[in-house]
2 protein chains.
Amino acid sequence: MIKKISHIAVVVPQLEDAMGFWVEALGLDLSHVEHVEDQGVDVAFLPAGESDIELLEPIVADSGVARYLGKHGPGMHHICFEVDDIKETLARLKSKNVPLINEEPTFGTGGKKIAFIHPKGTGGVLVELYELTPDEPERRSERLEAMRRRLRGGRRVYTAGIRAFVSGLRQMGNGNGNE
Amino acid sequence: MIKKISHIAVVVPQLEDAMGFWVEALGLDLSHVEHVEDQGVDVAFLPAGESDIELLEPIVADSGVARYLGKHGPGMHHICFEVDDIKETLARLKSKNVPLINEEPTFGTGGKKIAFIHPKGTGGVLVELYELTPDEPERRSERLEAMRRRLRGGRRVYTAGIRAFVSGLRQMGNGNGNE
């Protein structure tokens, strides 16, 4: 069963510059920044209701996201759905002959179970599936607490210096990328 | 303030065929189909948590969505955010010099207030804003009731004959497109 849209991923050339639209003009908040080593990207998370906008900046030249940016330019990259049972969902997709990038769940940051469906099976959309693991809410809350400790100046400093703030967060994120 | 992701719009060549992935394989439900006269599209709504996947089929050859499909092929088209005050959001975007397709809110189906932000101001993403109007929940509930009356055979018939079902819904939708 599909529970919700987990996130919409958007490829950007530069996270700090992207804050100008998504945070300063549109008014979303930035919750945190992560470095995802095996995809060669830095990711900024901007909650919107129960979902996130995930901004992806490729930081490794030959990564999939870097190639995507080179070929298509910046813009929407994939939709991720949270499902209650990723194995069951993959089994149903296989039974309908939908081509999968990951036949079995793989593991994202923080031990998330994820799998990608190939765009040729969805009508041109890269779709990610994601199952929340039992220890993830705790990990998330730890990350949020670490971010709060950084936010000594509160919301005013946060919005005034958002680009510098993202730089700080991503440096912190890069240090913790392989935890 | 951004309340949530209202919907993610995906352009498809053919609504009935798209049900094969989104409903039959992925497992989303189809809530309703609407004909949007002024955009030249039929739209199928598939709820996912508090948001919808909106499948758009262009049915007028020279519409914006038809041109998009011809140029880019099928895939993600835009993100729509529900905001609490669309005028205030547009004013903030203007103050930050973000280029807008609609400087003032325009009206979508069912009297919705909507406005589009130009992709050149967002980093390549077509972004729609949407403010719920007071009479919209009632209009939605009427539409849902009309659909329920059509669903005489219940869920089993609905999933077994999903493509025929969509054909029926869109014929009904087309008849009511300008209400």
Side-chain angles (χ1 to χ4, degrees), chain A residues 1-14 17-29 46-53 55 69 72-79 81-85 88-89 92-98 117 119-127 129, chain B residues 1-14 17-22 24-29 46-53 55 69 72-85 88-89 92-98 117 119-127 129:
Chain A
M1 209 196 69
I2 305 285
K3 295 172 77 174
K4 63 173 190 172
I5 294 175
S6 162
H7 61 264
I8 305 297
V10 173
V11 180
V12 302
Q14 238 285 331
D17 288 347
M19 297 297 129
F21 171 69
W22 295 98
V23 176
E24 293 166 24
L26 187 61
L28 291 174
D29 281 325
L46 314 174
E50 67 182 16
S51 309
D52 281 297
I53 299 296
L55 303 178
L69 181 61
H72 300 280
M76 284 184 279
H77 184 264
H78 68 264
I79 304 179
F81 293 100
E82 185 180 330
V83 298
D84 57 352
D85 186 333
E88 183 190 281
T89 309
R92 191 176 57 241
L93 290 162
K94 272 185 245 184
S95 77
K96 302 282 184 183
N97 299 313
V98 175
I117 307 173
K120 72 186 176 193
T122 69
V125 181
L126 180 59
V127 174
L129 302 171
Chain B
M1 208 196 71
I2 304 286
K3 295 173 77 174
K4 64 172 190 174
I5 294 175
S6 162
H7 61 263
I8 306 297
V10 173
V11 179
V12 302
Q14 238 284 332
D17 288 348
M19 297 297 128
F21 171 69
W22 295 97
E24 293 166 22
L26 187 61
L28 291 175
D29 281 324
L46 314 173
E50 67 182 14
S51 309
D52 281 297
I53 299 296
L55 304 178
L69 181 63
H72 300 281
M76 284 184 280
H77 183 262
H78 67 265
I79 305 179
C80 178
F81 293 100
E82 185 181 330
V83 298
D84 57 353
D85 186 333
E88 182 190 283
T89 309
R92 191 175 58 243
L93 290 162
K94 272 184 243 183
S95 78
K96 302 283 185 184
N97 300 312
V98 175
I117 307 173
K120 71 187 175 193
T122 68
V125 181
L126 179 59
V127 174
L129 302 171

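These numbers come from a predicted model, not from an experiment. Reckoned from all heavy atoms, side chains included, excluding hydrogens, waters and symmetry mates.
Contact of B/V127 with chain A is made through the side chain alone, with heavy-atom distances under 4.5 Å. Proximity to chain A is limited to the side chain of B/I2, based on heavy atoms less than 4.5 angstrom apart. There is no contact between B/H72 and chain A, counting heavy-atom distances below 4.5 Å.
Per-residue counts of heavy-atom pairs under 4.5 Å with chain B were compared for A/K94, A/E50, A/M1, A/R92; the largest is that of A/E50. In terms of non-hydrogen atom pairs under 4.5 Å with chain B, the most contact-rich of A/I53, A/T89, A/V11 is A/I53. By number of non-hydrogen pairs under 4.5 angstrom with chain A, the leading residue of B/G73, B/P13, B/A48 is B/A48. Annotation: maximal heavy-atom pairing with chain A below 4.5 Å, among B/I117, B/L93, B/L129, B/T122, occurs at B/T122. For the options A/G49, A/G75, A/G20, heavy-atom pairs under 4.5 Å to chain B are most numerous at A/G49. Most heavy-atom pairs under 4.5 Å with chain B, from the set A/L126, A/V83, A/V125: that is A/V125.
Applying the side chain to side chain contact (heavy atoms under 4.5 Å, CB included) rule to B/A18 yields the partners B/V12, B/W22, B/L55; only residues at least two apart in sequence or on another chain are considered. Partners of B/Q14 by side chain to side chain contact (heavy atoms under 4.5 Å, CB included), not counting sequence neighbours, listed by chain and number: B/E16, B/D17, B/E57, B/R170.
Here the options are A/V23, A/D52, A/V10, A/I8, the test is side chain to side chain contact (heavy atoms under 4.5 Å, CB included), and the partner is A/L46; only A/V23 passes.
In terms of heavy-atom proximity, A/A25 sits nearest to B/V98 at CB-CG2, 3.7 Å. Smallest separation of non-hydrogen atoms from B/M76 and A/I79: SD-CG1, 3.4 Å.
In this structure, CD1 in B/I5 is found 10.0 Å from NZ in A/K4, a value given to the nearest 0.5 Å.
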